[in-house]
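This one's a predicted model, so the numbers in the text were calculated from it and none came from an experiment. Note that these values count all heavy atoms, side chains included, but never hydrogens, waters or copies made by symmetry. Along the sequence shown, residues carry numbers from 1.
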Amino acid sequence: MGLWDMREIVDIGDVIPGFRSILRLLSAMEYEIIASSKKLKKPVNQIIAIFDFQQFSYRQLNSRTVCQGAIEFFRIFESNYPEILKTCFFINTPRIFPIFFAFLKPFLSAKTMSKMVFFGPQKTKWTRALVEKIPDEILPPYYGGTRPGTDEFCSEEGIWNDGPLPPNYYGADMSKGRNSIYELNSGLAIQNGNKRFSCFDNNGTMPIFSREEIPAGSKLELEFHVLQEKLEGSYPPTILLKWKIKSDSYDIAFQVTYKDAQGLRREDLIENHRIESHVCQQDGSIVCDSPGTYIVTLDNTFSKRRKKVIYYNIQMEELVDDQIIS
């Protein structure tokens with residue numbers, strides 16, 4: 001759990017695919033039990049789980065979505081799969097772990113709790129406990145076993161459901177910022193003045209966040225243009241304007257405004273309001289059903305002293321028959 005950055009996964013990707021992965025993971029456990037029974041030619045009814053919190057930090061704990069995702073995982077597990085768990089090891093737990101686990105505890109039965117064993121960063125203690133429960137030829141060397149592999153985690157041996165992954169695998173290093181200019185892979189122009197920003201990396205797969213410092217008393221306006229020809233034809237596409245916004249330490253105000261092609265009519269689609277982008281990533285979308293200009297405003301005019309550091313990912317998508325055209 002700590003070997004891959006849960007908050008980075010949530011911030012870069014979408015929450016719904018994450019929950020679908022949870023369901024796939026739980027279903028895969030049952031299939032693994034059946035496959036192991038056939039392979040060993042004896043009944044296998046339960047699993048031993050290891051949650052490694054080595055790199056779990058307050059940054060992840062401070063994400064509401066990360067905590068909700070963990071709660072949802074254990075809630076689903078407790079409701080549907082409690083009997084398949086033999087033992088659950090929580091290792092390398094940091095000092096903040098009791099705060100995190102307090103969110104999960106109400107969703108766990110006393111019987112499930114009795115199967116859980118907790119260890120701090122003292123490696124000699126938890127490796128001794130692991131090898132007592134798990135054959136050492138199955139465990140990677142990092143966990144006290146003798147399983148051969150390309151590294152101490154046996155990362156490429158097919159034993160991992162997820163991870164371990166290198167730092168910033170799921171996105172750019174936000175501390176350095178990303179303000180480069182890229183060509184869009186979707187063919188839809190996301191424009192800020194004369195600049196064209198891509199929401200994808202060079203492979204067209206992972207979203208990239210642009211970084212912006214907004215001084216106190218200032219605001220950032222981003223213009224997105226929808227052309228008339230995009231909305232014409234026998235099967236005109238639905239055009240979505242989508243955004244992901246997060247900030248460091250403090251909130252920001254957010255607004256979406258529509259201006260018609262002639263510039264004669266201006267309408268607030270989302271009124272100016274403050275969003276808790278410093279607490280969790282703010283995601284949303286609107287349908288662009290009229291040609292014209294859609295203006296996204298990140299507003300810091302309410303602040304008299306503090307500048308705001310904002311990370312945003314904004315893209316436009318065409319949907320035809322509920323399918324995104326990329």
Side-chain angles (χ1 to χ4, degrees), residues 1-7 9-10 13-56 60-61 63-93 97-119 126 129-140 142-145 147 153-155 157-165 170:
M1 192 167 186
L3 292 180
W4 37 278
D5 192 337
M6 291 180 64
R7 178 160 183 173
I9 294 171
V10 169
D14 292 326
V15 176
I16 297 302
F19 284 137
R20 290 174 180 167
S21 296
I22 290 174
L23 297 177
R24 285 196 299 269
L25 173 60
L26 293 173
S27 297
M29 292 180 185
E30 290 189 310
Y31 287 109
E32 286 293 332
I33 288 175
I34 296 173
S36 297
S37 297
K38 293 180 179 179
K39 181 179 179 180
L40 300 174
K41 297 182 179 180
K42 64 179 182 180
V44 176
N45 301 313
Q46 293 181 305
I47 65 169
I48 296 176
I50 302 173
F51 286 91
D52 190 345
F53 280 78
Q54 183 180 6
Q55 298 176 27
F56 190 83
Q60 298 188 52
L61 179 63
S63 169
R64 181 185 303 172
T65 310
V66 168
C67 293
Q68 288 174 338
I71 289 171
E72 185 68 6
F73 175 86
F74 283 98
R75 186 191 67 79
I76 294 174
F77 182 88
E78 183 65 41
S79 300
N80 300 278
Y81 306 93
E83 297 304 324
I84 70 172
L85 181 66
K86 182 177 182 180
T87 308
C88 183
F89 290 96
F90 292 85
I91 64 174
N92 287 322
T93 56
F97 179 79
I99 303 174
F100 175 75
F101 194 72
F103 293 115
L104 309 179
K105 201 170 180 180
F107 299 91
L108 302 173
S109 66
K111 187 174 182 179
T112 300
M113 286 286 296
S114 67
K115 301 176 181 180
M116 295 182 171
V117 187
F118 304 90
F119 292 95
W126 52 258
L130 290 178
V131 296
E132 288 178 358
K133 291 282 188 179
I134 306 172
D136 58 358
E137 65 269 17
I138 296 177
L139 278 173
Y142 176 79
Y143 296 105
R147 185 187 184 101
F153 294 102
C154 299
S155 302
E157 301 305 311
I159 63 172
W160 293 89
N161 283 307
D162 282 297
L165 298 174
Y170 286 95

Donor-acceptor contacts under 3.5 Å from residues 81-92 side chains, at least two apart:
unit_1, atom_1, unit_2, atom_2, d
Asn92, OD1, Trp126, NE1, 3.4
Asn92, ND2, Asp52, OD1, 2.9
Asn92, ND2, Tyr142, OH, 3.3

* Output, in order, the C-alpha distance, side-chain angles, deciding distance and verdict of salt bridge (Lys or Arg N to Asp or Glu O under 4.0 Å) for Glu72 and Arg75. => CA-CA 5 Å; Glu72 185 68 6; Arg75 186 191 67 79; 2.8 Å; yes
* Asked: CZ/Phe118 to CZ/Phe97 distance, rounded to the nearest 0.5 angstrom?
  -> 5.0 Å
* Asked: For the residue pair Thr93 and Phe119, what are the closest heavy atoms and their distance?
  -> OG1-O, 2.8 Å
* Could you tell me how the ring of Phe53 sits relative to the ring of Phe51: parallel (under 30°), tilted (30 to 60°) or perpendicular (over 60°)? => tilted
* Using a 4.5 Å cut-off on heavy atoms from C-beta on, say whether the side chain of Lys133 contacts that of Val117. => no
* Taking only residues two or more places apart in sequence or in another chain, which ones pass side-chain contact (heavy atoms from CB on, under 4.5 Å) with Pro106? -> none
* Measure the CD1-CD1 distance between Ile71 and Ile76 for me, rounded to the nearest 0.5 Å. => 12.0 Å
* Can you name the nearest heavy-atom pair linking Pro43 to Ser37, along with the distance? -> C-OG, 3.9 Å
* To do: Evaluate whether atom CD of Gln46 has more than 12 neighbouring non-hydrogen atoms of other residues, nucleotides or ligands under 6.0 angstrom away.
  => yes
* Determine the minimum heavy-atom distance between Leu130 and Ile50, stating which atoms define it. => CD2-CD1, 3.9 Å
* **Geometric class of the Phe73/Phe77 ring pair [parallel <30°, tilted 30-60°, perpendicular >60°]** => parallel
* Asked: Quick one: are Thr112 and Phe107 in side-chain contact, heavy atoms under 4.5 Å?
  -> no
* Ignoring hydrogens and geometry, is there a side-chain-to-backbone donor-acceptor pair from Ser36 to Ile33 under 3.5 Å? -> no
* What distance do Leu104 atom CG and Met116 atom CE have between them, rounded to the nearest 0.5 Å? -> 8.0 Å
* List in chain and number order the residues that pass side chain to side chain donor-acceptor pair (under 3.5 Å) with Ser79, two or more places apart in sequence or in another chain; answer none if no residue qualifies. => none
